[in-house]
Amino acid sequence: MHMNTEILQKAANEARGLAIDAIFDKASGHMGLPLGCAEIGAVLYGELLNINPAEPRWLNRDRFVLSGGHGSMFLYAWLHLSGYDVTLDDVKAFRSKGSNTPGHPEFRCCPGVECTTGPLGQGIANAVGFAISAKHAAARYNTPEHEIFTQNVYCLAGDGCIQEGISREAAAIAGCLKLDNLVLIYDANGITLDAPVEVTQVDDIAAAFTAQGWDAVTIDGNDLQEVHTALRTARLEKNGRPKLIIAKTTIAKGVPGFEGTTKGHGEGGAKLWAEAHANWGLPTDERYYVSPEVREYMAGVKAEREASYRQWKEVYEAWCTANPDKVVELAEGIDLAANGLKPDKCSALIPFFAEGAKLATRASGADAENAIADACPGFLSTSADLFSSNKNYLKNGSDFSAQNYAGRNFWFGIREHAMGAICNGIAYDGLFRVSAGTFCVFVDYMRASIRVAALAELPVTYVLTHDSVAVGEDGPTHQPIETVTGLRVIPNLDVVRPADEEEAAGAWMCAMERKDGPTALILTRQNVPSLTASCPICAEARRMGTLKGAYIARHEETEQPGRIIIASGSEVYLALEAAKELGPDVRVVSMPSMWRFNRQEKAYQDSILPPSCTRRLAVEAGKSDLWYRYVGTQGAIIGIDTFGFSAPGDRVLYDLGMNVPNIVAQAQKL
């Protein structure tokens with residue numbers, strides 16, 4: 001295929017100019033990647049990417065992920081040049097408050113930005129998620145007559161991304177699943193922020209990825225022809241192996257005294273923009289320069305892409321006519337991913353549990369999850385080798401594999417961090433709703449991914465079981481103490497710890513309702529008694545109370561309560577039993593979600609926790625710190641602020657204060 005090398009090189013240099021000029025203006029940013037990878041951008045955005053800037057979210061577009069998000073001016077420059085709604089003024093507003101060109105790319109902020117990146121390595125795993133979503137969509141919806149999903153996923157990553165452990169986790173999964181629609185471009189400039197890469201890296205990256213089932217090739221990343229050949233080959237060759245292109249580039253290329261050095265990573269060299277302009281053949285008396293020739297060429301490429309999009313649209317419309325059932329299923333899946341399920345509709349899908357049930361909330365939660373999944377084909381479940389323990393396997397979903405891309409259960413092995421970021425990639429793609437399961441105590445392995453999900457407002461659900469010291473004999477390494485509190489402090493993450501089977505159903509209603517952020521379900525390993533016999537609150541009311549974050553589980557007082565016991569999860573039953581001994585003036589409040597309760601109107605909050613009642617006791621088998629918000633200075637907390645020990649779960653709970661006599665005694669002291 002003929003390539004206009006002259007105009008693409010000109011475009012590459014002008015993209016460099018836009019990057020260094022914006023970074024100089026703000027005295028802030030990272031020029032190394034944008035200047036070093038300009039030829040890669042020229043081939044991708046100037047020729048090979050199957051995109052349509054006029055329809056930035058169309059279903060069959062190629063996905064481009066900038067894993068090295070610090071190099072964001074690379075992306076903004078090319079989005080501007082290729083015709084996205086990113087103006088020159090937007091480029092000039094780089095890193096300014098309120099602009100759509102923030103310091104690191106942010107999802108939903110700028111058209112053409114597929115995901116929020118910055119924490120290194122996350123983007124590689126996100127790209128694996130995009131590739132999985134594409135394979136699953138193709139298997140579910142393509143027909144022999146009409147292929148509507150044929151997209152490829154491209155990811156540009158640097159040394160920092162490659163060195164982070166998440167990249168090897170994600171690469172292993174991609175190789176195992178034979179994701180040959182994935183192309184990872186490694187900007188191998190030999191420089192990390194502090195030092196040359198050989199100070200911290202001696203491994204053979206090509207060999208490492210090849211051993212994990214990838215094809216690998218090394219090229220001169222500043223040679224347009226080599227870049228073009230490698231990318232075009234990677235796009236066309238579908239051999240069951242994802243592709244790694246190791247692109248040897250020069251960091252901060254063109255900036256005298258900075259190129260090829262650690263100083264080239266940041267913004268320091270931007271002050272030499274005029275000298276750099278001269279080296280790139282750009283005007284030295286004009287900034288933010290784009291030549292008429294490049295404008296004309298990129299406009300022509302945009303027109304060709306729009307024509308290609310129209311051809312796809314014809315295929316899509318023919319597919320719609322021929323496959324009305326698939327049209328409905330796809331539309332419902334996209335709606336589920338974007339908008340979730342209304343609580344009443346979700347509740348209607350989950351049968352009420354038999355009276356007197358005594359189930360672990362991981363088991364009742366699994367029943368609720370499967371009821372939802374059976375009615376919602378766009379719902380997917382993933383696990384870090386714990387389907388049998390988390391119980392989050394979709395019984396009617398089959399397994400996703402290289403032999404069956406239509407499966408809805410994803411086996412990711414013992415790789416929590418990659419699993420979290422891959423689920424983010426699936427959520428970014430917007431075709432499916434996804435959940436991820438692991439033990440509660442091990443969620444910190446994926447905490448960085450959860451934080452990004454909360455920041456990017458992705459409706460991922462985390463199924464986190466074995467929620468307390470009740471794990472027992474496995475001992476303190478497996479007994480979460482601080483874990484739930486650690487999750488609760490992440491902004492925009494709803495953490496729901498249900499008390500029984502109906503609250504577990506309500507917890508899933510919480511998760512499926514969300515469209516602007518993730519939900520963590522904290523579930524028990526041990527069986528817990530149903531609250532049905534202990535409190536007068538009916539099953540439906542317990543579900544709806546869970547949606548509000550807290551509700552009154554026992555209310556016998558005629559006016560105001562004399563004392564209030566607040567509890568969550570398995571400790572609610574203990575609180576109800578203690579209240580029987582304490583008398584009718586004791587109110588018991590179940591608080592499965594602080595996040596939700598904190599967002600209720602003050603009138604509702606005061607109806608649950610009347611300000612006039614200061615004798616309050618909180619009970620939870622975990623860190624006590626956050627409960628002070630609800631008990632105040634005159635209240636008390638029964639929590640666990642030390643690590644546990646190895647013994648039967650009931651014994652551990654009892655010895656650490658989670659028992660009825662202790663609750664009664666502490667309440668009487670108020």
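The shown structure was predicted, so the numbers you read here are calculated from the model rather than taken from an experiment.
The pair Glu267-Arg95 fails the salt-bridge criterion, with no side-chain N (NZ, NE, NH1 or NH2) lying under 4.0 Å from an Asp/Glu carboxylate O. A salt bridge does not link Arg488 with Asp494: none of the charged nitrogens is closer than 4.0 Å to a carboxylate oxygen. Taking 4.0 Å as the cut-off between side-chain N and carboxylate O, Asp25 and Lys92 do not count as a salt-bridged pair. In this structure, Arg241 pairs ionically with Asp215, as a charged nitrogen and a carboxylate oxygen lie closer than 4.0 Å. Looking at Glu226 and Lys248, no side-chain N of the basic residue comes within less than 4.0 Å of a carboxylate O on the acidic one, giving no salt bridge.
Atom CG of Asp159 and atom OG of Ser167 lie 11.0 Å apart (nearest 0.5 Å). Trp78 contributes atom CH2, which lies 11.5 Å from atom SG of Cys37 (distance to the nearest 0.5 angstrom).
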| Yes or no on side chain to side chain donor-acceptor pair (under 3.5 Å) for His417 and Gln122, after CA distance, side-chain angles and deciding distance? | CA-CA 9 Å; His417 198 184; Gln122 285 277 326; 3.0 Å; yes
| task | Could you go through the ring-ring contact (aromatic ring centres under 6.0 Å, His included) check for Tyr45 and Phe64 one step at a time? | result | CA-CA 10 Å; Tyr45 283 92; Phe64 174 79; 5.7 Å; yes
| Chi angles and distances behind the side chain to side chain donor-acceptor pair (under 3.5 Å) call for Lys238, Asn152 | CA-CA 11 Å; Lys238 303 301 181 185; Asn152 290 294; 2.4 Å; yes
| task | Using the side chain to side chain donor-acceptor pair (under 3.5 Å) rule, take Glu39 and Asn222 through it: C-alpha gap first, then chi angles, then the decisive distance, then the call. | result | CA-CA 6 Å; Glu39 284 77 15; Asn222 294 128; 3.1 Å; yes
| query | Which is it for Thr210 and Trp214 under the side chain to side chain contact (heavy atoms under 4.5 Å, CB included) test, yes or no, and what are the steps along the way? | reply | CA-CA 5 Å; Thr210 300; Trp214 291 59; 5.7 Å; no
| task | Decide side chain to side chain donor-acceptor pair (under 3.5 Å) for Ser381 and Asn392; before the verdict, give the C-alpha distance in whole Å, the side-chain angles of both, and the deciding distance to 0.1 Å. | result | CA-CA 7 Å; Ser381 186; Asn392 64 320; 3.2 Å; yes
| task | Begin from the C-alpha positions of His478 and His466 and carry the test ring-ring contact (aromatic ring centres under 6.0 Å, His included) through to its verdict. | result | CA-CA 8 Å; His478 281 55; His466 298 55; 8.5 Å; no
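Using a 4.5 Å heavy-atom threshold, the side chains of Ile132 and Phe412 count as touching. Residues Phe209 and Leu184 are in side-chain contact: their nearest non-hydrogen atoms beyond the backbone lie under 4.5 Å apart. Two residues are said to be in side-chain contact when any heavy atoms from C-beta on lie closer than 4.5 Å; Pro111 and Pro53 fail this criterion. At a threshold of 4.5 Å between non-hydrogen side-chain atoms, the residues Val128 and Leu182 count as touching.
Smallest separation of non-hydrogen atoms from Met419 and Met446: CE-SD, 3.9 Å. Heavy-atom minimum distance, Gly221 versus Ala247: CA-CB, 3.8 Å. Shortest non-hydrogen contact noted between Ile191 and Thr261 is CG2-O, 3.8 Å. Nearest approach of Asn279 to Pro256, heavy atoms of both residues: ND2-CD, 3.9 Å.
Among the candidates Leu75, Ile251, Leu66, Thr249, the single residue satisfying the side chain to side chain contact (heavy atoms under 4.5 Å, CB included) test with Leu33 is Leu66. For the side chain to side chain contact (heavy atoms under 4.5 Å, CB included) test with Val227, the passing option among Asp223, Leu224, Leu231 is Leu231; the others fail.
Counting only N and O atoms by type, the side chains of Asn390 and Thr465 include a donor and acceptor under 3.5 Å apart.
Relative ring orientation between Phe130 and Tyr428 is described as parallel, the plane-to-plane angle staying below 30° on a 0-90° scale split at 30° and 60°. Below 30°, between 30° and 60°, or above 60°: for His70 and His265 the angle between ring planes is between 30° and 60°, a tilted geometry.
Judged by the 6.0 Å and 45° rule, Lys26 forms no cation-pi pair with Phe94. Cation-pi contact between Lys271 and Phe24: absent, since separation from the ring centre below 6.0 Å together with deviation from the ring axis within 45° is not met. Remark: Arg287 qualifies as a cation-pi partner of Trp273 under the 6.0 Å distance and 45° angle criteria applied to the six-membered ring.
In this structure, Phe379 has its ring center no closer than 6.0 Å to that of Phe432.
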